[in-house]
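Written below as structure tokens is the structure these notes are about.
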Amino acid sequence: MDNSYNFTELENKWQKKWEEEEIYKTENTEDSEKYYVLEMFPYPSGDLHMGHVRVYSIGDVIARYWSMKQYDVLHPMGWDAFGLPAENAAIKHGNIHPREWTWDNISRMKKQLKRLGLSYDWDREVTTADPDYYRWTQWFFLQMFKHDLAYRDESPVNWCPGCETVLANEQVIDNACERCDSEVEERELEQWFFKITDYAERLLQDHELLDWPERVKEMQKNWIGKSEGTIINFPVRGRNKNLEVFTTRPDTIYGATFMALAPEHPLVEELAASSEKEEEIYEFVERAKKRKKEERTSPESEKNGIFTGSYALNPMTGRDIPILIADFVLMSYGTGAIMSVPAHDQRDYDFAQKYDLPIRVVIQPEDREEKLTTEELDEAYEESGVLINSEKFNGLTTEKAVAEIAEEMEKRDIGYRETNYSLRDWLISRQRYWGAPIPVVYCDKCGIVPVPEEELPVELPHDVEFTPDGESPLGKVEDFVNTSCPECGHPAHRETDTMDTFVDSSWYFLRYIDPHNEELPFSPEKAEDWFPVDQYVGGIEHAILHLLYARYFTKVVYDMDMILDSEPFSNLLPQGMVLKDGAKMSKSRGNVVDPENIMAEYGADTARLFILFASPPEKDLEWDDEGVAGAERFLNRIWRLVNENIEFLNDVSTADLEVQSLEGPGKDLYRKLHETIKKVSADIGQRQTLNTAISAIMELYNEVSSYLQNTGKQELNYPLVKMTVKKTLLLLAPFAPHITEELWDRMNQKGSIHNQEWPDYSEQALQRDEVTVVIQINGKVRDKIQVRPGLGEDELIEKAKKRDQVQKYVSEKEIIKTIVVPDKLINLVVK
RNA sequence: GCGAAGGUGGCGGAACUGGCAGACGCGCUAGAUUUAGGAUCUAGUGGUCUCUACCGUGCGGGUUCGAAUCCCGCCCUUCGCACCA
């Protein structure tokens, strides 16, 4: 008998057979519950990497488990196929079209995925770059437009000079492009936006409904950036105008000693025009605008300002306060203007010191007797306390004052309470070729006209010069641009920008539900059967981008009454990275492990088993060649366990197993089997610690193996071994689908192992005849005794006291306390 | 600076409800088998040691009969946020 098995031959054989017999076709039966397992679909870069192997293996185990639990499982796969790399590759290689490049990559990656033996229903494959798909992406755009959620606006936007396109705020990390790392510039452009800000509150509130890791919710919460405060109107002196500011601390209004405008604030020009130092002010504003955003928004950087020459009126005190322009004030947050309270805000304090502006204390610690003075401060007092120097509000606590002052302002029509979010609307226009065209026509007469639904898709023309030059490539295709207005029929031109690829991936999980529907993106009836996704698996890098956009889209679709749930992913499992030598795999580091090589050398089952065993799914995983060899050894042992005993495994029947008469090692083995079933089920189904599930199966193998070794041929309980082996294979099937299928077949079992029912455990089988009770003296383990379970406390203590080990410690001392945990532990406290 | 997660043998990790720390695997040591092995099997493997005990889960304290697990303080690592008014 060979020590190892020919995995290549065997894996090919079963993959072919599974495909022929369509064993992974999605079923929707009346009386079964559904389970929708989804892993984030890949960008078809052309090559599978270890990160892919990890996510898809995790998802596959979960899908196979629920399927064996007799759920109707939806487990689909597709391609996030639009995007820049296709264009860049085409530019680089000169003669290959993005479409060709993408489709070639898809077919290559599909082969690689199939080689992993994943249980996908490929009939539901979805490709976002396919007109049959993006037609519906465009359809959603039109719905957004209809519901006033898509709008065109001119505003300062992020421009990536590397990618030669604009980016959404979410795609800018530390002022650099998320894709290519180029430093992002600000440009004033007219672009399409989705109104995600309308949904800010719901996106925040509905976190409650989600079984997601706290840190992911926290990241989204930070991004949305809710803060509750008050908008206050400061009249500008000598003008019939108000200066609006947003503050979370209206209680400090009596301490506001100056106003600060963002350099981009619309009032700047007007105020400057009437100042003697007009030139100087413009110079300052220009300088501030040129200052890098990064520099301007870092807490450490120097704050600069200039006086406008104008004054505002503090609406509570009636006092004049100067209006300045300050580069630390951001136009993009609040109203772009602030009231500055140097005594109680560190930034304002630093600024006031630098420009010699008055500082007025209005809050002091509650326990303080005499008044806190400006002279005593060497930094801002930002904590809460009680109000002073605030007229009728003196003595109120911060908390009360915030409410009462806001109320008073509302009454006197000076201000009103408002909630601010730092979330901005989602900029979806891209000046690139390889994306879904935005389905809009511009007509001189009718203005912006959406393309009628029945004319979708607006197809992406094939022959395009797409070398980026900052202009949309589609703009150079006359056949595409020139069209007629859908409303008046006059000549008109098409929108030439394409949509952000995150739009494509914001609804793909809905298309899987009904991928061939030609009337609608999906039918609401089918969505009722399958939506939402029960388990979503994917990388944490999408914590904000994709996951937030997908949630937003889902809420919009929910508001359109097409689905019954307003959240797409009930459960989220963000898997960790695959590392090599302690670092992320990368070509430049030269530490890349190629899945193709691993599969060729060890086979898919081994690769899957190792990657799932080495670490719990959420943690980073260190790739270890020796560890892979260990996984292979284990599968070889299983192989031999069946093949070396194949004769009796085929001869005996598990029906002959008499559970009642089991005793000794046989009974122990039987109990271990049931313990393992219990543990593996919980580890996959509830805890999602696939590594410990595999450990448990290994332990079970070790038990069978030593039972076989240590029991004489006469005493061996053959039906018991057969039962154990069969169930071991069933437990292992989700992890190593090929080898278990082959061995199942060799044991002459009917049907695919993957269509079998997941084994159940019996409570009775878990019962022990004897339990080990630990005896501690003063909390230290000194002895152990075997007793029957449920033995009374007194008897246990009696037994324990008789032990030599115990006598040694107890004989000349006094027992002052005994603690008994039945069936587990006795602790004797002696003095 | 704020927030979150984490720190356990030589390594990856386990300990799920406060109750035997180190399951399972890798590596290592010895032996068996073999022409040979980087194959397979068996046994051992936290440290110290006066050989039956002591020490041991980042560090220091506390609660408890009993702490990797709970509480307080500190250190370190990773991630996220950060002039958000």
Side-chain angles (χ1 to χ4, degrees), chain A residues 1-4 173-174 213-223 225-227 229 245-249 252 260 262 295-303 326-330 332-341 345-348 350-351 420-422 540-541 543-544 609-610 613-616 618-631 633-634 636-637 640 679 682-683 686-687 689 691-702 705-706 709 772-784 805 808 816-821 824-830:
Chain A
M1 177 64 55
D2 280 343
N3 280 331
S4 57
I173 316 283
D174 290 334
E214 234 12 79
R215 74 196 148 119
V216 178
K217 294 192 206 174
E218 193 64 31
M219 279 160 78
Q220 294 201 345
K221 209 174 136 192
N222 275 335
W223 185 257
K226 177 178 179 173
S227 80
V245 304
F246 175 77
T247 178
T248 53
R249 295 291 304 270
T252 62
E295 211 187 313
R296 242 185 91 183
T297 55
S298 148
E300 288 88 37
S301 62
E302 180 82 22
K303 299 162 179 49
D327 60 358
F328 72 91
V329 180
L330 305 174
S332 57
Y333 187 80
T335 61
I338 59 168
M339 66 172 202
S340 284
V341 185
D345 181 294
Q346 193 56 41
R347 293 160 296 173
D348 296 349
D350 296 341
F351 195 81
N420 225 307
Y421 301 89
S422 41
I540 187 95
E541 66 274 17
I544 292 172
L609 192 72
F610 167 73
F613 175 64
S615 194
E618 294 202 43
K619 278 183 73 169
D620 286 349
L621 173 151
E622 172 72 20
W623 185 266
D624 173 21
D625 291 325
E626 312 264 24
V628 184
R633 264 200 293 272
F634 174 68
N636 280 328
R637 286 185 191 125
R640 289 195 302 271
K679 178 157 177 61
D683 283 356
Q686 280 89 52
R687 297 212 308 153
T689 51
N691 55 327
T692 54
I694 296 170
S695 299
I697 300 170
M698 287 173 167
E699 281 184 55
L700 179 59
Y701 164 82
N702 291 345
S705 160
S706 44
Q709 193 126 33
T772 306
V773 172
V774 172
I775 305 173
Q776 297 184 335
I777 314 285
N778 289 340
K780 288 209 163 75
V781 179
R782 297 299 180 188
D783 203 359
K784 290 167 191 180
Q805 270 297 318
K808 207 166 106 190
I816 53 174
K817 196 169 186 180
T818 52
I819 287 104
V820 179
V821 183
K824 259 193 173 159
L825 168 140
I826 299 171
N827 188 9
L828 301 174
V829 186
V830 301

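Here is how names work: the chains are called A, B, and so on, in the same order as the sequence lines, proteins then strands, and each is numbered from 1.
- Nucleic acid contact class of A/D345 (heavy atoms, under 4.0 Å, all strands): none.
- Residue A/S615 has a polar side-chain atom (N or O) positioned under 4.0 Å from OP1 or OP2 of B/G13.
- Within 4.0 Å of A/Q709, counting heavy atoms only, lie sugar-phosphate atoms of the nucleic acid but no base atom.
- Nearest to the side chain of A/V781, among B/C83, B/C41, B/A21, sits B/A21.
- Of the side-chain N and O atoms in A/S227, one or more sit less than 4.0 angstrom from OP1 or OP2 of B/A85.
- Looking at heavy-atom distances under 4.0 Å, A/E626 makes contact with sugar-phosphate atoms alone, never a base.
- Checking B/G38 for Watson-Crick or G-U wobble geometry (two distances, each under 3.5 Å) identifies no partner in any strand.
- Neither OP1 nor OP2 of B/A39 sits under 4.0 Å from any side-chain N or O of A/R637.
- Close to B/C41, at under 4.0 Å from its OP1 or OP2, lies no side-chain N or O of A/R633.
- Between A/N222 and B/A4 there is no side-chain N or O to OP1 or OP2 distance below 4.0 Å.
- Atom CZ of A/R347 sits about 6.5 Å away from atom CD1 of A/I338, to the nearest 0.5 Å.
- Among the nucleotides B/G25, B/A14, B/C65, the one closest to any side-chain atom of A/I819 is B/C65.
- For the pair A/E541 CD and B/C81 P, the computed distance is 13 Å after rounding to whole Å.
- Shown here for A/E618 and A/P213, the closest heavy-atom pair between the two residues is OE1-CG, 4.3 Å.
- Judged by distance alone, with hydrogens and angles left aside, the side-chain atoms of A/D327 form no donor-acceptor pair with the main-chain N or O of A/K303 at under 3.5 Å.
- The C1' atoms of B/C54 and B/G58 are separated by 22 Å, rounded to the nearest whole Å.
- Note that the CD1 atom of A/I544 and the CD1 atom of A/I173 stand 7.5 Å from one another [nearest 0.5 Å].
- Counting non-hydrogen atoms under 4.0 angstrom, A/K303 reaches a base of the nucleic acid.
- As rounded to the nearest Å, B/A15 and B/A68 have C1' atoms that lie 9 Å from one another.
- The side chain of A/L330 lies closest to B/A85 when the candidates are B/A85, B/G12, B/A23.
- Of the P atoms belonging to B/G12 and B/A23, the separation is 15 Å, rounded to the nearest Å.
- Applying the Watson-Crick and G-U wobble criteria (two distances, each under 3.5 Å), B/C20 pairs with nothing in any strand.
- Between the P atoms of B/C24 and B/U42, the separation comes to 13 Å (whole Å).
- A/R215 comes within contact range of the sugar-phosphate backbone alone, with a heavy-atom separation under 4.0 Å but no base atom that close.
- Regarding A/W223, its CH2 atom lies at a distance of 21 Å from the P atom of B/G3, rounded to whole Å.
- Here B/A67 presents its P atom at 12 Å from CG of A/N778, a figure rounded to the nearest Å.
- Residue contacts shown for A/K784 include a base, since a base heavy atom lies under 4.0 Å away.
- Heavy atoms of A/N691 sit under 4.0 angstrom from primed sugar atoms or phosphate atoms, though from no base atom.
- A/D348 approaches A/M339 most closely through the heavy-atom pair OD2-O, 4.0 Å.
- Base pairing annotation: B/G60 forms a Watson-Crick or G-U wobble pair with B/C72, both donor-acceptor distances under 3.5 Å.
- Taking atom P in both B/G38 and B/G27, one finds a spacing of 12 Å when rounded to whole Å.
- Counting non-hydrogen atoms under 4.0 angstrom, A/D620 reaches the backbone sugars and phosphates but no base.
- Judged purely by distance below 3.5 Å, without hydrogens or angles, the side chains of A/Q346 and A/D350 pair a donor atom with an acceptor atom.
- Base orientation of B/G66: anti, the glycosidic angle falling outside 90° of 0.
- Residue contacts shown for A/E218 are limited to sugar-phosphate atoms, with no base heavy atom under 4.0 Å away.
- Ranking B/G19, B/A14, B/G25 by closeness to the A/K824 side chain, first place goes to B/G19.
- Within the 4.0 angstrom heavy-atom criterion, no nucleotide atom of any strand lies near A/G225.
- Checking B/C41, B/A85, B/G19 against every side-chain atom of A/Q776, the shortest atom distance belongs to B/G19.
- In the set B/C54, B/A21, B/G80, B/C54 carries the atom at the smallest distance from any side-chain atom of A/R782.
- Residue contacts shown for A/V821 include a base, since a base heavy atom lies under 4.0 Å away.
- Under a 4.0 Å N-O distance rule, the pair A/K679/A/E699 does not qualify as a salt bridge.
- Remark: the separation of the P atoms in B/U8 and B/C81 is 27 Å, to the nearest Å.
- The P atoms of B/U77 and B/A39 are separated by 39 Å, rounded to the nearest whole Å.
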Evaluation steps, side-chain contact (heavy atoms from CB on, under 4.5 Å), between A/R687 and A/T692
CA-CA 10 Å; A/R687 297 212 308 153; A/T692 54; 3.6 Å; yes
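- Shown here, B/A43 forms a base pair with B/U29; the pair counts as Watson-Crick or G-U wobble because both key distances fall under 3.5 Å.
- Using a 4.0 Å heavy-atom criterion, one finds that A/P213 contacts no nucleic acid atom at all.
- Here the nucleotide nearest the side chain of A/F613, chosen from B/C65, B/G19, B/G25, is B/G25.
- B/A23 atom P lies 17 Å from atom CG of A/D683, rounded to whole Å.
- The gap from the C1' atom of B/U17 to that of B/G25 amounts to 27 Å, rounded to the nearest Å.
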Checking A/D783 against A/I777 for the side-chain contact (heavy atoms from CB on, under 4.5 Å) test, could you report, in this order, the C-alpha distance in whole Å, the side-chain angles of both residues, the deciding distance, and whether it holds?
CA-CA 9 Å; A/D783 203 359; A/I777 314 285; over 6 Å; no
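- Mapping A/D624 and A/E699 onto RNA chain B by nearest heavy atom places A/E699 closer to the 5' end of the strand.
- When the C1' atom of B/C20 is taken as reference, atom CG of A/L825 falls 8 Å away, rounded to whole Å.
- Residue contacts for A/K679: at a heavy-atom cut-off of 4.0 Å it reaches a base atom on one of the strands shown.
- Among the nucleotides B/G66, B/C81, B/G25, the one closest to any side-chain atom of A/N827 is B/G66.
- When distances are taken from the side chain of A/V774 to each of B/G80, B/C20, B/C65, the shortest belongs to B/C20.
- A/T247 comes within contact range of the sugar-phosphate backbone alone, with a heavy-atom separation under 4.0 Å but no base atom that close.
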Could you walk me through whether A/L621 and A/F613 pass the side-chain contact (heavy atoms from CB on, under 4.5 Å) test, one step at a time?
CA-CA 10 Å; A/L621 173 151; A/F613 175 64; over 6 Å; no
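- In this entry B/G9 has no Watson-Crick or G-U wobble partner, no candidate having both defining distances under 3.5 Å.
- Figure legend. B/G66 is base-paired to no nucleotide; pairs are counted as Watson-Crick or G-U wobble with both atom distances under 3.5 Å.
- A straight line from CD1 of A/I826 to C1' of B/C65 spans 13 Å, rounded to a whole angstrom.
- Across all strands shown, B/G80 pairs with B/C2; the Watson-Crick or G-U wobble distances both stay below 3.5 Å.
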